[in-house]
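To start, the structure under review is shown below, and the notes come after it.
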Amino acid sequence: MDYPALERAARRHATAELIRHAAVELDRIASGRRALRAVRHPLGFVCFPVLRDGDDGVCVHVFRTPEAVPDRTAPQVHCHSWDLTSTVLYGRLGNRRMHIEEDAGAATHRIFEVLSDPSGVDELRPTERLVRCRPGAEHTSAPGQTYALPAGEFHTTVVPDGRPTATLVLGRTLPGRVDLSLGPLSAPGHRMVRSTCDATETARIARAALRRIHEPEP
């Protein structure tokens, strides 16, 4: 299934189609029929980049797996340069939208640009923008539910009950947009690394995710 077909399925809330697609891809990876390696994200989840097609991408994100340890320097509040549509495959995932106001006089954070290198290095560069950040509403999505986050929307993502969770994520990059994050006012720039899992780790994570997709929710 290509990106436009998955996008149409998400708009129709055709959950069964989306979950079936994720399961097929994970099964190919787990069996070794597809030589894809999972990537550890600094925010503490594992990413299976199952499709890259120009500005469009599809990933399976797996949270609460031993192979993914959060980077303590990773900024929790961030926004994407791409429109995100995500369907929960199992578990529960919460997103809290954050209100950002340009306010140098009463600023709480500095905005950083996040520049990602194909080698897996994320460089966080401080900008001159000082802002005030206030937490907004939190929305938790359950298995089979789909949510959207537009490009440029600051948010933080949490696994509310600490249970294993996975999502199928569709992303479309918008022209002229940059990934951004919030950091302390006086923090310097720094780098984070997205390391790649080996074949054994990748297959193990894929098998565990596949098993949970087919397990009934307690």
Side-chain angles (χ1 to χ4, degrees), residues 1-41 43-65 67-68 80-95 116 118 120 139-151 153 155 157-160 163-174 194 196-218:
M1 189 179 290
D2 58 14
Y3 188 93
L6 291 170
E7 188 177 47
R8 289 192 297 271
R11 288 175 177 171
R12 297 196 318 270
H13 300 287
T15 302
E17 289 183 35
L18 297 168
I19 294 177
R20 183 165 58 250
H21 174 78
V24 167
E25 291 298 331
L26 289 169
D27 182 65
R28 293 177 63 205
I29 295 165
S31 66
R33 287 180 287 123
R34 182 172 182 187
L36 181 148
R37 298 292 180 266
V39 179
R40 299 180 184 89
H41 194 283
L43 287 177
F45 61 86
V46 167
C47 172
F48 291 91
V50 296
L51 174 68
R52 290 292 184 268
D53 184 12
D55 292 333
D56 299 335
V58 179
C59 296
V60 175
H61 288 174
V62 179
F63 299 80
R64 298 298 181 182
T65 177
E67 289 80 6
H80 304 294
S81 59
W82 38 280
D83 288 336
L84 175 151
T85 303
S86 181
T87 300
V88 179
L89 304 173
Y90 58 82
R92 283 165 177 75
L93 198 67
N95 285 284
S116 298
H139 175 74
T140 298
S141 300
Q145 293 183 333
T146 297
Y147 66 89
L149 286 169
E153 173 124 42
H155 65 282
T157 300
V158 296
V159 180
R163 293 165 51 193
T165 296
T167 58
L168 178 68
V169 180
L170 312 185
R172 172 164 289 161
T173 300
L174 301 186
R194 304 184 185 211
T196 303
C197 297
D198 63 27
T200 300
E201 292 170 324
T202 296
R204 182 168 60 244
I205 300 166
R207 284 194 297 270
L210 195 59
R211 183 177 66 252
R212 291 188 173 102
I213 286 174
H214 294 307
E215 285 178 351
E217 276 288 307

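Remember, it's a predicted structure, so these values are computed and weren't measured experimentally. These numbers come from the heavy atoms of this one structure, side chains and all, not from hydrogens, waters or symmetry mates.
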Test side-chain contact (heavy atoms from CB on, under 4.5 Å) on L168 and V58 and set out the steps.
-> CA-CA 7 Å; L168 178 68; V58 179; 3.7 Å; yes
Of R40, R37, R207, the one forming a salt bridge (charged side-chain N to carboxylate O under 4.0 Å, His left out) with E201 is R40
For side-chain contact (heavy atoms from CB on, under 4.5 Å), just list the numbers for Y147 and L84, CA-CA rounded to whole Å, side-chain angles, deciding distance to a tenth of an Å, and then say yes or no.
-> CA-CA 8 Å; Y147 66 89; L84 175 151; 3.7 Å; yes
Please test F48 against I205 for side-chain contact (heavy atoms from CB on, under 4.5 Å), starting from the C-alpha separation and ending with a verdict.
-> CA-CA 10 Å; F48 291 91; I205 300 166; 3.8 Å; yes
Is there a donor-acceptor pair under 3.5 Å between the side chain of T146 and the backbone N or O of H13?
-> no
In Å, rounded to the nearest 0.5 Å, how long is the span from [atom1] of [X] to [atom2] of [Y]?
X	Y	atom1	atom2	value
N95	E153	CG	CD	9.5 Å
L18	E7	CG	CD	11.0 Å
R172	D55	CZ	CG	8.5 Å
W82	D56	CH2	CG	12.0 Å
T87	L93	OG1	CG	11.5 Å
L89	Q145	CG	CD	12.5 Å

Identify the heavy atoms of [X] and [Y] that sit nearest to each other, and give their distance.
X	Y	value
I29	A206	CG2-CB, 4.1 Å
S86	V169	OG-CG2, 3.7 Å
A30	A203	O-CB, 3.9 Å
V60	A22	CG2-CB, 4.3 Å
T140	P160	CG2-CG, 3.8 Å
A23	L210	O-CD1, 3.4 Å

Hey, is CZ on R11 packed in by over 12 heavy atoms from elsewhere, all under 6.0 Å?
-> no
Below 4.5 Å, heavy atoms only, C-beta onward: do [X] and [Y] meet side chain to side chain?
X	Y	answer
V50	R28	no
L43	T157	no
R212	T165	no
Y90	V62	yes
R163	R92	yes

Mind checking whether F63 and H61 have parallel, tilted or perpendicular rings, split at 30° and 60°?
-> perpendicular
Give the intermediate values and the outcome of side-chain contact (heavy atoms from CB on, under 4.5 Å) for residues H21 and L6.
-> CA-CA 9 Å; H21 174 78; L6 291 170; 3.7 Å; yes
